[in-house]
Amino acid sequence: MHEENKMNPQYVGPPQQFTPQQMPDQSSSYVPASSPNVYNGLNNQPGAIPEYGMPLTGKPLPYQNYGVSSTYSQNGLMPQGQQQPSHSGTLIPKPIAMTVPEPQFPYQGPAPLVSDQVTRQVGELSIGPSNLQRPPSSVAASQGMVSSQRQGIGGPQPSFAVGPPPPRQITPGPSHRFPATLASQHTLSGSSFPASYSYSAQYGQPPRSYAPPNPVAPVAPPQLSSTQYSPLVGAGQPVGPGVSSSSSMLVQPQSTQYHPIPGSGPSLVPGVPPSSGAPPQYPPFSGAGQPLGSSVSSLHPQQGPYHGALHPVASQPLTSISTLPPSSQVNGPVSGAPLTSGVPSIQSRYPYTQASQQQPAAIQSQYPPAAPGMPQNRMGAPVAPQQPRRLDPDQMPSPIQVVDDDRKQRSGTFYTNTKGQVPPLVTTDFLVHDEGNCSPRFVRSTIYSVPTTSEMLKQAAVPFAITISAFAKLKDGEHSPPVSDSGETGPVRCIRCKAYMCPFMQFIDGGRRFQCVFCKGTSEVPPEYFSHLDHMGQRTDKFQRPELCLGSYEYLTTKDYCKNGVLPKPPAFIFMIDVSYNSIRNGMVKLLCENMKEVLAFLPKEVGAPASVVKVGFVTYSNVVHFYNVKGNLAQPQMLVVPDVQEMFVPLLDGFLVSAEEAESVIDSLMEQIPQMFMATRETETILGPVIQAGLEALKAADCAGKIFIFHTTLPIADAPGKLKNRDDRKLLGTDKEKTILAPQSTFYNNLGQECVTAGCCVDLFLFPNSYIDISTIGQVCRLSGGQVHKYTYFQADVDGRRFLEDLKHSLQKTVAFDAIMRVRTSTGIRPTDFYGHYYMSNTTDVELAAVDEDKSISVEIKYDDKLTEEDGAYIQVAVLFTSCGGQRRLRVHNLALETCNQMAVLYRNCELDTIMNYFSKLGLRMIIEQTPRQMKDYFINRSAQILASYRKHCASPSSAGQLILPECMKLLPLYINCLTKSDALSGGPDMSTDDRSFAMLAVATMDIACSTGYLYPRLLPLHDVDPDSTEFPKAVRCSVEKIKDNGVYLLENGVHMFLWIGMAVNPDWLQNVFGVQTAARVDIDKTSLLELNTPLSLRIRDIVETVREERQKCMRLTIVRQGDKLELVFRQYLVEDRGSDGSASYVDFLCHLHKEIRSLLS
Amino acid sequence: MTGYQTYQDFIQQNEDRDGIRFSWNVWPSSRLEATRLVVPLGSLFTPLKERPDLPPVQYDPVLCNRPTCRAILNPLCQVDYRAKLWVCNFCFQRNQFPPQYAAISEHHQPAELIPQFSTIEYTISRATCLPPIFLFVVDTCVDDEELTALKESLQMSLSLLPPNALIGLITFGKMVQVHELGCEGISKSYVFRGTKDLTAKQIQDMLGIGKFHQQQQPTNPQPPAPGQPVPAANKFLQPVHKCDMSLTDLLGELQRDPWPVSQGKRPLRSTGVAMSIAVGLLECTYPNAGARIMLFVGGACTQGPGMVVGDELKNTIRSHHDIDKDNCKHMKKAIKHYDGLANRAASNGHIIDIYSCALDQTGLHEMKSCTHLTGGHVVMGDSFNSSLFKQTFQRVFAKDSKGEFQMAFNGVLEVKTSRELKVSGAIGSCISMNTKSASVSDTELGIGGTCQWKFCGINPNTTVGIFFEVINQHNAPIPQGGRGCVQLIMQYQHSSGQKRVRVTTVARNWADATTNLHHIAAGFDQEAAAVLMARIACFRAESDDGADVLRWLDRMLIKLCQKFGEYSKDDPNSFRFAENFSLYPQFMFHLRRSQFLQVFNNSPDETSYYRDLLMREDLTQSLIMVQPILYAYSFNGPPEPVLLDTNSIQPDRILLMDTFFHIVIFHGETIAQWRKAGYQNSPEHENFRQLLQAPVNDAQEILQTRFPMPRYIDCDQGGSQARFLLSKVNPSITHNNMYGWGQTSYQTESGAPVLTDDVSLQVFMDHLKKLAVSSSA
């Protein structure tokens, strides 16, 4: 983040002129970025930073501030973090400048963009190939600069340095700028990858370079058709099309080439010598800088390019930018041309930037160190990770790089003592130490510096939302919120807004009163709660009371907080099993009954309790409902059939809900009986509505909250309430009419869901359909009651059994709160308005949850109804009143303090992209129901364009319009937005079933941030080169077919699906060790688990698969895909950086498109 | 017939042979005269009167060929032995004997032609033979103690059932559970909400018994009669021998209804739905087969259809007062519900028994039609743990000398009359089958408009009052010696499953009332008349205001006195009645005071209960109900019947009163003191002990034979329980007159006073005479 900030400032200043030079710089910078180590090193070197800071100061004051002063300090503080950008308080998002070199052709096309740009671009284009070289040269120049200045950044920075002025802009390097030079976007689009290709091509083969861009472009047009891409394409790259076809092919080679390039990168560094750490990189850059060498270097640069490119772009004319862009991304090459010229300039600029203010930003940003020094530790840390450098070939911002950097920089302990501190990424392994703010696992905000006015937020278009997982699972070593008894009077609360006592409350009047931080009202301190204040104005008992020193804590509440004023009873779980023909046939009933005993061992228990007090009950049903009396003292279970499904009721009171332990023998005998009893059933019509009602009534009758698990197989067509008709028509998916099948066909299940909530009855559906089951309708009950839908299509007990049982056990076992009411209180001036997730609200403030568990999150959008003040900050308190699994009525409170700001740069520096995307994905779900898919997509494109344009306008204004400059914090925004708009949940088309689509939508609605991140950008792990002896986890690669090698084996997972892709040319030894066969063709792809061979490799591979599974909430089905099989199409859908088979844009295309959008916004 | 010494003998013998008693044994030959007899021409008929002497007839009856007649060959028919013809005595159709009667001759007659077999029973061997079906419907909203006792009784009853009998179990409380029998490893039941009325179709669908997919066929492999659904033995009704073990366990595990009953509430009890389901279950599985639904209730239905009272204790259950004031909101709906069920059950030939044991009312008033229309037993007790219930219940399964149940199922009584006569209705535990025929009168008395009635449940005591109308016009005199004939054909399912037909054919002489009124008067059967009038009165009381009925009774009595008394106008003292009329006014007196017509001090449930039994018991028992009998035991001589009068209460007597419903042993004041002193325990007062024991023994005898078992009350003069006796005796001595008559005190021979404002028999008679002789009346 810090980097970004810095980058921005730098970019802002210098970009225009430097562009060309910057381009190279950037490219170079990127390169280095790719190798984080370098950056770190650079960062570490305080010297570099200061330099940057200095020059930058001139323009980007704010940045400077961050960069300079804080940065240093931070640097000192954070050796690793090195986040240059990390400006003390305000983290300036590290903008990532991505110059999107328009494809060479595009240039011609691009003309439409900006004449200047175009021309430049064209020039560049022509230069294109050379551009590549240029960047290097520029890099070289910059390197010199940078090297000295930025350490880590060195690589890229140098380039900046070369073009001193631009560098600054570049510096913001974090923000990826794409040189507008190219057709701007086109180039970019094509460029991002293509660019790289082009580079390679140029170096190796000019044609390729062209080709790549073209491919992209061409591809884009068809896909984007309506979207701007197409135009771009058309304009940008006539060639494209041809290329496109080859694109994929090309890509790989290119990528490979890129890799080499990276290699070169290092070489550059050395060249760089000037910069201590950077040297190696520089050299390459320098090399790159040189026209020829550049080609290679350019590739590297590309990675670095972002920064570099950005800088250049910003700094200088488009042309330069264009050059940069290539470096930053594909376009790199394009920019290349300008580079030559630009390079020097850039270098010069870099220095400038550095000198001025940008240095820190740009350079540091990418190279976290510089800025990091700043207080922004948090910021800085994230920034560093963002640096895509790591990804060798691809210059476009890479999530893998970002994740990796963050992991490197921010692992360890995260102290929550600072207001508005941006937490590490969810993917990072960190421990949270609660020092007054709640753990980011519980609550994450999209922004940690809240604008003081709504106008500012509106301009920025950055969403202000929090994502709450109030019962999130904590890591080992973290303490769950302590439970304290609130006494007879209940928790201390503000008399005005009813907020609960929290560390933010100000005690005044000698401790006799306190002022509420949320509403500013003052309340008397109850006598029994009184404590004297110390000289600091702090209560002397501050550290004796969790609510005074912790961000998260729990209370045991009084009867006033209970339903009907009566303390709750322990909750109950009811298992409701469909015993119609289909469920008998697919083996579900038998499997479940056989394993019930084992499953019941997973009933949740209160921390420290010896046994679970959760009661269990059993129901089976087909077109009638069978209840079972399993009271422990019975000789045999009793079955009570309720045939009257029109008006469901519970036929028995005593003996239905029992302690699993006490009634063990009766339950066992029941589980033996059930499969036998229904063995010969011919009943195919089932009911569902009455079943849910039955569970609901049972809980009502027992006067307790609880959860019902329904194991259901078919569309409920039997004549009963909740009867559904088959209205499936998957052809509608993806069209404007898809709402008709994605919205519930009747309100029955919605009403039922509401009833469930009122009664504290959560419904989990386990579905085993062989055909349409209308999840969009029946899922409503889960949605409203805080439940979940699990789906096992074409279930076969022997194949899918384990998965189902694992999921079931997890469902039982996980931390869960029942009958909960959540209330979000905020500082005066802002207020929660919209809620997303599985819940029900009967008024505008209370979120009612029949149950909420560790896997579920709720996003809350916060809006202004007034201004905030800069001094106070923004406070959020999330209070959840719930019944624990031990039957205690408790209150869990999470407090979060956010900073306020009135500067855009600060805002952008303190964003949390994953949370934003989580919020966006849920927002998208809502839009898809109310609007058309196209509107939804347009909305996201526009919004992201607006976010970036706003950034550009307010934080990087000096940069050239032709550059794409991305804030460091959001450099992945384009990628993620693209992933989002092509995700199953939001744009699943007729190639998936309606149920799958609905299922995905439901799943996304409750995803916490870790899930949504994984869902949007799947993890692709190469398994073919796993070292059986090491325990190191394979490094993920980008989700692109380019990364897939014929001789490779890859595991791809997104939390919902898991694929094991096997290349046809994979090493037979590997196959032998893992699958026990010699050729890929003989691998049994119908298996859903790996053979249990006793080879080290098999063990290792299985271990990896298991580890991956365990990280996810659901037990994913392992689908084995062989290269060339039909299934590969499905697999490819999850290679989200590629163009989708349905015509959705590839990353590159999208980026180009977005760039165009931004440009149009800016103009 | 002329051989009888007296009408008394004639009546007696007729009753013994045919189980029938007519109010008039000589019939007026014209319609007009008949209506002037005051007491309608009617009969009390006991269709299944125990006749161990009847010959077993294993062939089918011979029917008259005329389609509109179809009367059965009987001893009153003229037979032409040579032509092998017989003449129907109802329609005069000449019928050829069927081939198997070819060997008939004057000396070789089939049983049905022999005069002494005017009642004969045919066993139809070709009909399907279904075992009886018993469906227990058990209330679980009772105390544990009660439930335990009930469970024991039920378990015991299993051993009394024939092994092939089908049995089913429904339990109810807040919910209604239909138990599936014969499942192993797990007990299954179907549960219904107690608040929702279900149609037969719904019940059938929900129980899965609408589709006859059950593999297992009942004991009769023979296909059932066409048009009848296959009587699939289903999972809810299983032969006793198959499921008695599991059912015993099931009953053993029955728990009290678990639903909580909060303070100030009654338990929620779904009697209405339970009945509905029971009826529905049998209706679609075994229509027209003999089945008994045995309902055991321990309280009033408090929810759903058939609700008698709300579950709030503050709302008390309706009383007669409320009914008069029209202040019972549930009653009409409930009655409608149960009426509907009763009609459905009855039309399918199913019996509903109600065993009601509770201290408060249980809604018999609302449910009365269930037992009344189906001929089911109704038993009212205080507790399932009482011997009253236990023994009564046991007696339901009593067997006769041949070891067969004394219960019969699904009977249809058809009445055929000769041309001068038509049947105007019946009063008893039956429903009309709405069968029109030439014998059906236009005027209705009781359940009329049909010549066939269904008696779902019938036992040897069951007696129906059948009323006739003479339709012969005055201007078409009947030839001298002409006789009117009535044929009563009872088809029923014997407890063994056999279908049987019992035919009774009787004839009485016609007489011209204008000229031979004394003949007619001589044929008056005052006992039968009293009982018939009582039935009519009760029948009317169900729908009319009580006071109206009393007035009607009075008017009828006065008219009868005017018509048949001998007196001088306006001289009460001159009034004389023939001997065969002499007791009639007294019966009426007691009837007026009885619980059948006086609701004071009785709950609606009790009233219904009493009336129901009056409607079905035979003449003797009915008379006991109307006018209880009283025996006196003293050292002065052997036990003797004494007047039902306060005068009979003497300090040194023990009285035994049998009101049918109660057996009261009443110890006179002195006796009571002795007993309290324990004299009976000392050997020297052995005779006292014997005196004490004598009425007990006699009471025991009655207790052992009567169904339902009467309440046994042992009381002392002056004790609170003595009220049972005091309320029945003629209050000849009351606080109003005890001193007025010049007697010194009740210590004299004159008996004990009763504190009542009711008039005594003496006053009643005086008044009656006065009115009867009044010329202005």
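Residue numbers begin at 1 in each chain, while the letters A, B, ... track the order of the sequences.
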Contacting moiety of Ala635(A), where chain B heavy atoms sit under 4.5 Å
both
Gln636(A) and Ile186(B) have their tightest heavy-atom pair at NE2-C, 3.5 Å
Without hydrogens or angle criteria, can the side chains of Gln202(B) and Gln646(A) be said to hold a donor-acceptor pair below 3.5 Å?
no
Interatomic distance, CD@Gln177(B) vs CD@Gln638(A), rounded to 0.5 Å, equals 7.5 Å
Surrounding CD of Gln888(A) (heavy atoms of other residues, nucleotides or ligands, distance under 6.0 Å), is the total greater than 12?
yes
Contact leader toward chain A among Gly194(B), Pro260(B), Pro258(B), Ser187(B), where contacts are heavy-atom pairs under 4.5 Å
Ser187(B)
Which bit of Gln673(A) is near chain B, if near means a heavy-atom gap under 4.5 Å: side chain, backbone, both or neither?
side chain
Of all heavy-atom pairs linking Pro651(A) and Trp259(B), the shortest is C-CZ2, 3.8 Å
Segment of Ile203(B) engaging chain A (4.5 angstrom heavy-atom cut-off):
neither
Which portion of Met677(A) sits near chain B, non-hydrogen atoms under 4.5 angstrom:
side chain
Checking Met175(B) against chain A: side chain, backbone, both or neither under 4.5 Å from a heavy atom?
side chain
For Lys188(B), the side chain to side chain donor-acceptor pair (under 3.5 Å) test, sequence neighbours excluded, returns none
At what distance, to the nearest 0.5 angstrom, does CG of Leu652(A) lie from CD of Gln255(B)?
11.5 Å
Taking every heavy atom of Phe649(A) against every heavy atom of Phe192(B), the minimum-distance pair comes out as CZ-C, 3.1 Å
Is Leu670(A) close to chain B through its backbone or its side chain, or both, or neither, when contacts mean heavy atoms under 4.5 Å?
side chain
Is it true that, when you exclude Met156(B) itself, more than 12 heavy atoms of the residues, nucleotides or ligands shown sit nearer than 6.0 Å to its CE?
yes
CD (Glu662(A)) with more than 12 external heavy atoms under 6.0 Å
no
At their closest point, which heavy atom of Gly185(B) faces which heavy atom of Pro637(A), and how far apart are they?
O-CD, 3.7 Å
List for me each residue that meets salt bridge (charged side-chain N to carboxylate O under 4.0 Å, His left out) alongside Lys700(A), sequence neighbours excluded, and say none if there are none.
Glu697(A)
Find the distance between CD (Glu180(B)) and CG (Leu640(A)) and round it off to the nearest 0.5 Å.
11.5 Å
Got a second to check how far Asp654(A)'s CG is from Asp257(B)'s CG, nearest 0.5 Å?
11.0 Å
Let me know if Phe627(A) has heavy atoms under 4.5 Å from chain B in its side chain, its backbone, both or neither.
neither
Taking all non-hydrogen atoms of both residues into account, name the closest pair between Arg193(B) and Met648(A) and its distance.
NH2-O, 2.6 Å
